[in-house]
Amino acid sequence: MLPTGVPAARTRAERFDDLVLAAVERLERRWSRQLEGTEFAVEDVPPSNPAPWERGGVPLGRCFPADAGLPARVVVYRRPVETRAMDDADLDDLVREVVVEQVAHLLGRPPEDVDPEYGDGH
C-alpha cells in the first residue's frame, strides 16, 4: 500500500477532477470576468432524462445558465468521458474539449474563440 498523497494513491475519480480543474483554470485565465461566479462540477453519469436538445448518445457535459439567483454551472460527466478516451493523453484532450464546448455554449461563442487550441489535440 502507498501512503495517501503519493500520486499513485489517487483514485481515478480524483485524477479526473484534476484534469477538469486544470482545464477550467486554463480558461479562467482568459475569461475570468465572463466566468466569474460560474460553478464547475464533475458527476459520474448524466441524469437519465436527457435535455430536449440532446438527441442520441450520452452527453459528456452540460452547461446551465444562471437562473433565478442560481449561478451558471458547467458539469462534466466522468464515466462517459472516460469510456470514450483511448488512453491518458486522449482523456486529457477530451476533458479539455468538453470543458471548452460547455463554456463556449455558456458564453454564446464558438469553441475556437474560447480556446484557440480547441480541436488541436493538445
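These figures come from a predicted structure and were not determined experimentally. FYI, side chains are in, hydrogens and waters are out, and symmetry mates aren't considered; it's all heavy atoms of this structure.
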Check ion pair [X]-[Y] (N to O, under 4.0 angstrom):
X: Glu101; Y: Arg109; result: no
X: Arg26; Y: Glu117; result: yes
X: Arg78; Y: Asp17; result: no
X: Glu82; Y: Arg12; result: yes

Worksheet item: With no hydrogens and no angle check, is any side-chain donor or acceptor of Gln102 less than 3.5 Å from a backbone partner on Val99?
Response: no

Worksheet, complete the sentence: In this structure, CG of Asp92 is separated from CZ of Phe16 (nearest 0.5 Å) by 10.5 Å

Discussion item. What's the separation between atom CE in Met86 and atom CG in Leu91, rounded to the nearest 0.5 Å?
Written reply: 11.5 Å

Fill in: Atom CD of Glu36: over 12 foreign heavy atoms under 6.0 Å
no

Fill in: Asp87 atom CG, over 12 foreign heavy atoms within 6.0 Å
yes

Please tell me if the side chains of [X] and [Y] come closer than 4.5 Å, counting only heavy atoms from C-beta onward.
X: Val103; Y: Cys63; value: no
X: Leu60; Y: Leu94; value: yes
X: Phe40; Y: Val24; value: yes
X: Arg84; Y: Val58; value: yes
X: Leu70; Y: Phe64; value: no
X: Asp115; Y: Leu27; value: yes

Looking only at heavy atoms, what is the nearest atom pair of [X] and [Y], with distance?
X: Pro47; Y: Tyr77; answer: CD-OH, 3.7 Å
X: Pro46; Y: Pro80; answer: CD-CG, 3.8 Å
X: Trp31; Y: Asp113; answer: CZ2-O, 3.4 Å
X: Arg10; Y: Asp18; answer: NH2-OD2, 2.7 Å

